[in-house]
There are 2 protein chains.
Amino acid sequence: MVSSLRLPSLTSLFSSPSILRPPPLLCRPHHHHKLSFPPPLPLTAAFSSQTTSASTTENPRKQTNQDQKIRGTMVIRPYGYAIWEAIQDYLNVKFKETGHSNMYFPQFIPFSFIEKEASHVEGFSPELALVTIGGGKELEEKLVVRPTSETIVNHMFTQWIHSYRDLPLMVNQWANVTRWEMRTKPFVRTLEFLWQEGHTAHANPEEAEKEVENQKQRHFAGADRTYTIEAMMGDRKALQAGTSHNLGQNFSRAFGTQFMDENGERQHVWQTSWAVSTRFVGGIIMTHGDDSGLMLPPKVAPIQVVIVPIWKKEDEKTGVLNAASSVKKVLQSAGIKVKLDDTDQRTPGWKFNFWEMKGVPLRIEIGPRDVLSASVVISRRDVPGKQGKVFGISMEPSILEAYVKDKLDEIQSSLLGRATSFRDSNIVDVSSYDELKAAITIGKWARGPWSASDADEQRVKEETGATIRCFPFEQPQGTKTCLMTGSPAEEVAIFAKSY
Amino acid sequence: MVSSLRLPSLTSLFSSPSILRPPPLLCRPHHHHKLSFPPPLPLTAAFSSQTTSASTTENPRKQTNQDQKIRGTMVIRPYGYAIWEAIQDYLNVKFKETGHSNMYFPQFIPFSFIEKEASHVEGFSPELALVTIGGGKELEEKLVVRPTSETIVNHMFTQWIHSYRDLPLMVNQWANVTRWEMRTKPFVRTLEFLWQEGHTAHANPEEAEKEVENQKQRHFAGADRTYTIEAMMGDRKALQAGTSHNLGQNFSRAFGTQFMDENGERQHVWQTSWAVSTRFVGGIIMTHGDDSGLMLPPKVAPIQVVIVPIWKKEDEKTGVLNAASSVKKVLQSAGIKVKLDDTDQRTPGWKFNFWEMKGVPLRIEIGPRDVLSASVVISRRDVPGKQGKVFGISMEPSILEAYVKDKLDEIQSSLLGRATSFRDSNIVDVSSYDELKAAITIGKWARGPWSASDADEQRVKEETGATIRCFPFEQPQGTKTCLMTGSPAEEVAIFAKSY
């Protein structure tokens, strides 16, 4: 039937036949690599069109990725962009509550700025897009299209920070950034992506460390230590969903960002930076999706409830549509994001499948009999088939509104619960390299004590395909011996295959 | 005194010693030039730091513009960015109410796209920033950093639009754009600026024209006709504050953006595009500011009310500060943007001048005597001195809240009223070239019938410095004769000096 709907099967678009659901794992990670965007997801251009296709558009087949002229860039269509806007709205409130101000820094950065911090230039040089011609003339100094803004931020901070009274200085910007990635996939790794980047300067290292932990390790080119959110996707691969860096004094020393402390002595500021990007949208999709398509958490769903009116004879149509639009008004005025799909171009069956694929949490069906009984049928996206379907919910505004809100909350926590238990049930504690290999072989994450060498880590990667994702905040008590060397270990690490 | 406050006098920063207040003039303009960013305002870097300095920053002297390495770019600091956010919040609601969806297009555009529409490439080529190196390699095709997105929008529209059922397609994006301007000034004309760009495609020209008029003429490279908002600044120069273009079928023919109409015939779509940018922030400042600094309309003010506590002896301090913070809570919970300036680093006098310069609409003063009488003193930014000062407003929450909200509304409409009458009183109706010259000489806008040649217009520009800003929507009745040639004229035009 799916094929008769002219909807592409999503199964083919994922690496694993079934996509289940897991949430982020907060942890402090590993020290040796720069923050790098993981290898591509097996998402096709068609999938990117699913996740981002405009709700104004009829044919889900349409592609949103561009031809090879602009390899690796992505058009974010309204449906996908609305998910990003929901993330922005949530974060903006949090950022402002915690004293951060939004502002904007120029995106062109003189190449000499990038060169000032040694590991920064080393880390980012291979990924830079360079403007060499402006207004028809060759530029004296190449301009870097920002891959991130630490350098220009410090250039400005040196002008704004003079005394301890100017600290902490805590800003955030919503911007586009560019990294010349060789292998790209929609939302997960694109040449240009959207993100927020927070930048803070503090008078002492303790305050900076606190800021970093409050915000969310893989290593960032120029950071002392980095925290990461490692999320388990439906195929049980790890996705780095966000990072928070303690920059120490690396950039403030490189740029001379100093302040006069309370004792009248000049000191370099301690800094942090942290970011989440449009990759988050990809993470949500790959965490909660299934074979029928997306499964969006109500809190980020562009459409929380879709109303599908059902009629056969013309004389039924008016009654059904009137009931449907009054139900729409009720929910809308309750602040619920609702869409009434009243086109007669498509069959109800086509609409059911289409909106399921779009991941709309709740579907309301209204047919002639429902109109007579002044009730509706409500189906949950997260509970397939009859179990997810409830008949005879009254159209009475207060009852309907309460029921829908309650169900949306239930779905939100149910998706989180499923994802969490999926994640936890797929992490195996290992005490030897053999156990680690066994766990990775069956597709799980391996958690075990680690104090071995980089060479050992490299060996694990070559032999299993897994890498150290992070050292979790929650560490087991007691003495630990390294799973590889048997010598004492301070912490357990998590090994997994990753995007 | 100002100097003792270490606040730079703003007077020196404007071209005219006093900045008064006028609002936008909506009109349909003139056909011969591309949309171009006007010549620089005489705003210094110090001024840009006034308008955008972070409220977290103590010293208003600090510069936000960058050194010449990044000539013409602008850092938008939190105070200025908050004005932009207020504009965004307002427009986003309007756009969505009228059926437009936000989305995002890549900022890198293959050079070949720009070349497809002849007048477009002619208009923009001199202003392009070009990426020629990516990931360390010379690119096969140069990439344009978007100066605007009509070309890539059409590239995508050809993939999304198939049938009349896909129309109208109405999208908007919030983005940064780059135009390699030779002479730049903060907010008014910068190498990179932020804007919203609306793009719509329609099944017929009438619908497209309606869309253009609903949105907001100077000519845009590639447009059939363009509407403009020409705003009169305090120095009575014109500022183009927004444009709306009817693109006709120019881009759809260039890119082959076609649809199947109801009769099964293929047609090219009719398109519009429209934009307002961060220049709007500059327009607000130059419209309402005066010698003491900014004067922000309450609806866009990042801080609507500032509370300045006043105490001499230590034993007064606690009582005053307690009263001040409870007043703050009352206003905050009423949804008013309020700041309590309780630092003891500065004198009340310094604070009065500082927040006046920042353009905060209302100031609340609370001293020991006010605490005793449970009342406050409230001063209006838009009414200088004693006339703007009211004593003995009760601290009783309901009374205080009602009073403040009422005053904010009053200030909002008062600023609009002043600006409107300032504008209207500075437009002179002229019927001859001599009258036109006389009007321009005394710094006014000249409005008169015009049907003369481009050569004549050029002569006016050379002899008076004024150009045709637009042809107003409101046209006088009756027959008109061209002020220059005496031959019949269909419309009156407005001539003015402009930014």
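In what follows, chains carry the letters A, B, and so on, assigned in the order in which the sequence lines appear, proteins first and then strands, with residues in each chain numbered from 1. It should be emphasised that the depicted structure is a prediction, and the values quoted were computed from it without experimental measurement.
With a 4.5 angstrom heavy-atom cutoff, Thr278(B) does not touch chain A via any of its atoms. Looking at Ser163(A), there are no atoms closer than 4.5 Å to chain B (heavy atoms on both sides), in backbone or side chain.
Ranking Trp174(B), Phe105(B), Tyr104(B), Trp84(B) against chain A, the residue ahead of the rest is Tyr104(B), based on heavy-atom pairs under 4.5 Å.
Around CD of Glu97(B), the count of heavy atoms belonging to other residues, nucleotides or ligands within 6.0 Å exceeds 12.
Side-chain contact between Phe108(A) and Leu191(B) is present, with heavy atoms from C-beta onward closer than 4.5 Å. With contacts defined as side-chain heavy-atom distances shorter than 4.5 Å, the pair Val145(A)/Gln107(B) qualifies. Taking 4.5 Å as the limit, every side-chain heavy atom of Tyr81(B) sits out of range of all side-chain heavy atoms of Val171(A).
The shortest heavy-atom contact between Met103(A) and Ile76(B) is CB-O, 3.1 Å. Nearest heavy atoms, Pro106(B) versus Met74(A): CG-O, 3.7 Å.
Remark: Asp342(A) engages no residue in a side chain to side chain donor-acceptor pair (under 3.5 Å) (not counting sequence neighbours).
The distance from the CG atom of Asn176(B) to the CG atom of Asn176(A) is 4.0 Å, given to the nearest 0.5 Å. A distance of 11.0 Å separates CD in Glu192(B) from CG in Leu143(A), rounded to the nearest 0.5 Å. A distance of 13.0 Å separates NZ of Lys137(A) from CG of Leu130(B), quoted to the nearest 0.5 Å. Annotation: the span from Thr132(B) atom OG1 to Glu138(A) atom CD amounts to 7.0 Å, rounded to 0.5 Å.
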